[in-house]
Amino acid sequence: MNLFAEIRDVVINALDQLVAQGHLPQGLDFANVAVEPPRDPLHGDMATNAAMVLAKPAGQKPRDIADHLAALLVKDDRIDVAEVAGPGFLNMRLSATCWQAVVGRVLTDGTGFGRSDMGQGKRVNVEYVSANPTGPLHVGHTRGAVFGDALASLLDYAGYDVTREYYINDGGAQVDVLARSVYLRYLEAHGQEVAFEDGTYPGDYLIPVGQALKEKVGDAFVGKGEQFWLAEVREFATAAMMDLIRQDLAQLGVKMDRFFSEKSLYGTGRIEAAIESLRAKGLIYRGVLEPPKGKTPEDWEPREQTLFKSTAHGDDVDRPIQKSDDSWTYFAPDIAYHFDKVERGYDLLIDVFGADHGGYVKRMKAAVSALSDGQTPLDIKLTQLVKLFKNGEPFKMSKRAGTFVTLRDVVDQVGPDVTRFVMLTRKNDANLDFDFDKVLEQSRENPVFYVQYANARVNSVLRRAQEAGVRVSDADLAAADLSKLAHDAEITLARKIAEWPRLVEIAARTNEPHRVAFYLYELASDFHGLWNKGNDVPQLRFVQDGDAATTQSKIALARAVSVVISAGLGILGVKPAEELR
RNA sequence: GCACCCAUAGCUCAGCUGGAUAGAGUGUCGCCCUCCGAAGGCGAAGGUCGUAGGUUCGAAUCCUACUGGGUGCGCCA
């Protein structure tokens, strides 16, 4: 139930009537007519720009249209007042009953209150994390993981049919490096002295993998050339790394519907098929690329390569899909992977990349545009860097200094809920400061705590009411006499609750789950505000001694806050706190 | 050199398919704690929305140029 959408329907109906009555010309487009909460509450509960948007096409003055519209709108019993203001805004004040009904609705709908059908069941594929299977996930991956996961949940909540997917880069040279590194650990497990040269992974996390390999194959690979063991060790090591990564994700509460292996594209004709599809559209050719200007490529020499004509779909230069030795570049399997996604018939594709892959956006969009003949939109969301702090001091990450911070380090220290919430307190394309101490601080400036605290307070007051003999099940509360919720401060909170379904749609439309986190902070803030008013104004306290009916209505409001917080936190993948400490 | 992202209060950041007097936290200043949970509360001051143009009834939001910061730019992925 989206009250804003309902009132917009009322406005549109009124506009239709004005057309029928001849006050407005036929054939007007109402698509830009919006009903929004005004920034200034003095302007009322909702405002519509209808008169201003239609003034020009209708050839009338905005205020004239608004006057006619206002006269019709007040006939709806949900709208108490409709008045023209400013350049032609129409401000509406809704009846208290309207807001009280929202509270009742939350209690009957539960956390489904904000669910939307805007997605119309369209199939969306969200690809995220997709870290190389060469080691544990680090902090940067953590942000992408949380963002992608919350985005997927958000879209699901907004009525899309969502698939969460991880692309395993297990086909390139980096897994050979991994295999060699594991081989060294394997030799070490056999008591040999080994040296980790440049181009190998020296991390401790491979020690148990080397051990495990020894237990599996004994000394079969000792002293043998690469051709004897590389393929097998590669497979063994990649599987071990994916186990590690799955554990990391599980610890963070990130779920995947599918892990898609890059390797599965090789030797199966899948890459060739994707390239052929592009060739059939005349987008594959042999050519020589210009060197990038101003970057002084030291060892540049012109080479003829097989190129994808990505410029035909908005890219800046054409991109190579084969190396000079005719093996595939990394881009070729990526094309094939996205071809696979296109062929699976998704209505929308979303890729979540780290910001360091920003240069990759245009070519990937070009590829999907070409492969789907412009039919499948691809949205690529980049997550910016996470800067780590400890007690306000920057915390430098360095593999060599051993201060390399993994996802596990973060989650072990602050827990999955705090990690997830904090990662969503910034827009995806803005840098994020993560202070290990501040995120655990229990104060107003810490949004995680502030939201959880609101939820805990609701539970506290719920218990208290129950002790006072008031029936507080959701069913009882939904049936309560909500007309007793009449104070301005209470209606204000109900208004904020009513914004939730609208916010879900905005967040889903923009693919920006951080909006949910900010909304929850505002909702919590409004709730705490009402709570604090109770200190000065006794009749605003949630528990009214000796007045079960009034208490019940106030508890209903509090509980509605809690329900929306639970729904919002659910999208973010954070467990609501029943109580603190 | 080119492409993409970013620039909003002293600081950290929000800001709705363009909407009214641009918001929050923090910091600063003033007042307040016998009160359902004061790990606080109320209030004030604080802005040329990087700069300069453009689009229109209306621009932080869209377009162009510039300035500053970040990321990336064939045979790594």
Side-chain angles (χ1 to χ4, degrees), chain A residues 31-32 34 36-40 42-43 47 49 52-53 55-56 61-62 85-89 91 130 132 134 169 171-175 177 262 288-297 299-303 305 307 315-320 322-327 329-331 333-334 354-362 382 384-385 425-427 429-431 433 441-447 449-450 453 456-457 460-461 464-465 468 499 502-503 505-507 509-510 512 514-515 517-519 521-522 525 528-529 531-536 538 540-545 579-581:
Chain A
N32 288 328
E36 301 172 317
R39 209 162 9 211
D40 188 341
L42 291 175
H43 291 138
N49 59 356
M52 288 181 294
V53 172
K56 200 173 203 176
K61 290 179 185 167
F89 281 102
N91 292 329
S130 295
N132 285 343
T134 54
N169 286 105
Q174 75 281 359
V175 284
V177 174
E262 174 192 358
V288 180
L289 284 177
E290 293 287 315
K293 291 194 173 77
K295 203 200 146 207
T296 60
D299 54 349
W300 180 274
E301 29 181 297
R303 262 193 201 95
Q305 292 172 293
L307 300 169
D315 202 359
D316 305 306
V317 292
D318 293 339
R319 306 290 175 175
Q322 278 182 321
K323 302 176 190 173
S324 44
D325 66 355
D326 283 350
S327 66
T329 65
Y330 59 90
F331 190 36
D334 281 353
D356 54 343
H357 286 61
Y360 200 48
V361 170
K362 280 194 179 180
L382 301 178
Q384 266 295 350
L385 298 172
T425 52
R426 288 288 177 269
K427 236 180 335 198
D429 52 11
N431 283 330
D433 291 348
E441 219 167 71
Q442 301 195 329
S443 72
R444 182 186 178 112
E445 57 185 299
N446 181 354
F449 163 76
Y450 204 59
Y453 186 30
R457 269 181 159 172
S460 159
V461 86
R464 191 169 271 269
E499 281 179 33
R502 181 171 181 274
L503 181 112
E505 295 191 351
I506 292 169
R509 189 174 61 229
T510 51
E512 293 182 340
H514 76 275
R515 290 173 189 268
F518 280 92
Y519 169 82
Y521 181 80
E522 289 167 14
S525 178
H528 289 306
W531 180 287
N532 292 329
K533 278 203 179 78
N535 290 332
D536 299 328
L540 283 181
R541 296 182 190 173
F542 289 99
V543 177
Q544 297 288 316
D545 291 333
E579 56 188 319
L580 298 174
R581 282 239 181 169

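Since we're looking at a predicted model, the values are computed, not measured.
Distance CG (A:N49) to P (B:C16): 15 Å, rounded to an integer number of Å. Across the protein-nucleic acid pair, A:F89 atom CZ and B:G18 atom C1' stand 10 Å apart, rounded to whole Å. As a whole-Å value, the separation of A:H357 NE2 from B:A77 P is 11 Å. When rounded to the nearest whole Å, the span between CG of A:D433 and C1' of B:C13 equals 10 Å. Between the CZ atom of A:R319 and the P atom of B:C73 there is a distance of 10 Å, rounded to whole Å. One atom, CE of A:M52, and another, C1' of B:G19, lie 6 Å apart when rounded to the nearest Å. Atom CD of A:E512 and atom P of B:C5 are 13 Å apart (whole Å). Atom-to-atom, CG of A:N532 to C1' of B:C36 comes out at 12 Å; the value is rounded to the nearest Å.
Listed nucleotides B:C16, B:C75, B:C36 differ in distance to A:Q305; the shortest reach to its side chain belongs to B:C75. Taking every side-chain heavy atom of A:L289 into account, B:G74 is the closest of B:C35, B:C75, B:G74. Each of B:C75, B:U71, B:G1 was ranked by its minimum atom distance to the side chain of A:D356; first place goes to B:U71. Side-chain atoms of A:V461 lie closest to B:C36 of the nucleotides B:G74, B:C36, B:G72. In this structure, the nucleotide among B:C75, B:C16, B:G74 sitting nearest to the side chain of A:P320 is B:G74. Listed nucleotides: B:C4, B:G15, B:C73. Nearest to the side chain of A:H514: B:G15. Among the nucleotides B:A77, B:C16, B:G15, the one closest to the side chain of A:N132 is B:A77. With distances taken from any side-chain atom of A:A173 to the nucleotides B:C35, B:A77, B:G19, the minimum falls on B:A77. Comparing B:C6, B:C36, B:G25 by their nearest atom to the side chain of A:Y521 picks out B:G25. Residue A:W531 places its side chain closer to B:A38 than to any other of B:A77, B:A38, B:G40.
A:R426 contributes no side-chain N or O that forms a donor-acceptor pair with the base of B:C13 under 3.5 Å. A donor N or O paired with an acceptor N or O is found under 3.5 Å between the base of B:C16 and the side-chain atoms of A:R502.
For the P atoms, the distance from B:U56 to B:A14 is 32 Å, rounded to whole Å. Spacing of C1' atoms, B:C76 relative to B:C62, comes out at 38 Å, to the nearest Å. Nucleotides B:A9 and B:A24 are separated by 14 Å at their P atoms, to the nearest Å. Taking the C1' atoms as reference points, B:C57 lies 36 Å from B:G25, given to the whole Å. Rounded to whole Å, the separation between the C1' atoms of B:C13 and B:G40 comes to 23 Å. Only the C1' atoms considered, B:C29 is 44 Å distant from B:C63, to the nearest whole Å. With both ends at atom C1', the span from B:U17 to B:C6 equals 22 Å, rounded to whole Å.
Without hydrogens or angle criteria, A:Q384 side chain to A:R426 main chain gives no donor-acceptor distance under 3.5 Å. Checked by atom type and distance alone, the side chain of A:S327 never pairs as donor or acceptor with a backbone atom of A:K323 at under 3.5 Å. Formation of a donor-acceptor pair under 3.5 Å by the A:E445 side chain with backbone atoms of A:Y450 is not found in this model.
Taking only side-chain nitrogens and oxygens, A:K533 never comes nearer than 4.0 Å to OP1 or OP2 of B:G41. OP1 or OP2 of B:G25 has at least one side-chain nitrogen or oxygen of A:R444 nearer than 4.0 Å. Residue A:K427 places at least one side-chain N or O closer than 4.0 Å to OP1 or OP2 of B:G15. An OP1 or OP2 oxygen of B:A77 is reached within less than 4.0 angstrom by a side-chain nitrogen or oxygen of A:K323. Remark: A:K56 is in phosphate contact with B:C57, judged by side-chain N or O atoms under 4.0 Å from OP1 or OP2.
Side-chain contact between A:E290 and A:V317 is absent, with no heavy atoms from C-beta onward closer than 4.5 Å. Residues A:R502 and A:P37 are in side-chain contact: their nearest non-hydrogen atoms beyond the backbone lie under 4.5 Å apart.
When every heavy atom of A:P538 is checked against every heavy atom of A:D536, the shortest pair comes out as CD-O, 3.3 Å. Contact detail for A:K533 and A:L540: the closest heavy-atom pair is CB-CD1, 3.7 Å.
Looking at which nucleotide of RNA chain B each of A:A456 and A:A430 is closest to, the 5′-most match is held by A:A430. Judged by closest nucleotide on RNA chain B, A:L42 is the one of A:N169 and A:L42 placed further toward the 5' end.
Contact annotation for A:E301: base contact, defined as any heavy-atom pair under 4.0 Å involving a base atom. Within 4.0 Å of A:D545, counting heavy atoms only, lies no atom of the nucleic acid at all. Counting any heavy atom pair closer than 4.0 Å across all strands shown, A:A85 reaches a base atom. Among the heavy atoms of the strands lying under 4.0 Å from A:N535 is at least one base atom, whether or not backbone atoms are also near.
None of A:D316, A:D315, A:D318 except one satisfies the salt bridge (charged side-chain N to carboxylate O under 4.0 Å, His left out) rule with A:K362; the exception is A:D316.
For RNA chain B, each stem of at least three Watson-Crick or G-U pairs (distances under 3.5 Å) is given as range with range: B:1-7 with B:67-73, B:10-13 with B:23-26, B:28-32 with B:40-44, B:50-54 with B:62-66.
Applying the ring-ring contact (aromatic ring centres under 6.0 Å, His included) test to A:H357 and every residue at least two apart in sequence or in another chain returns nothing. Annotation: ring-ring contact (aromatic ring centres under 6.0 Å, His included) contacts of A:Y453 (sequence neighbours excluded): A:F449, A:H528.
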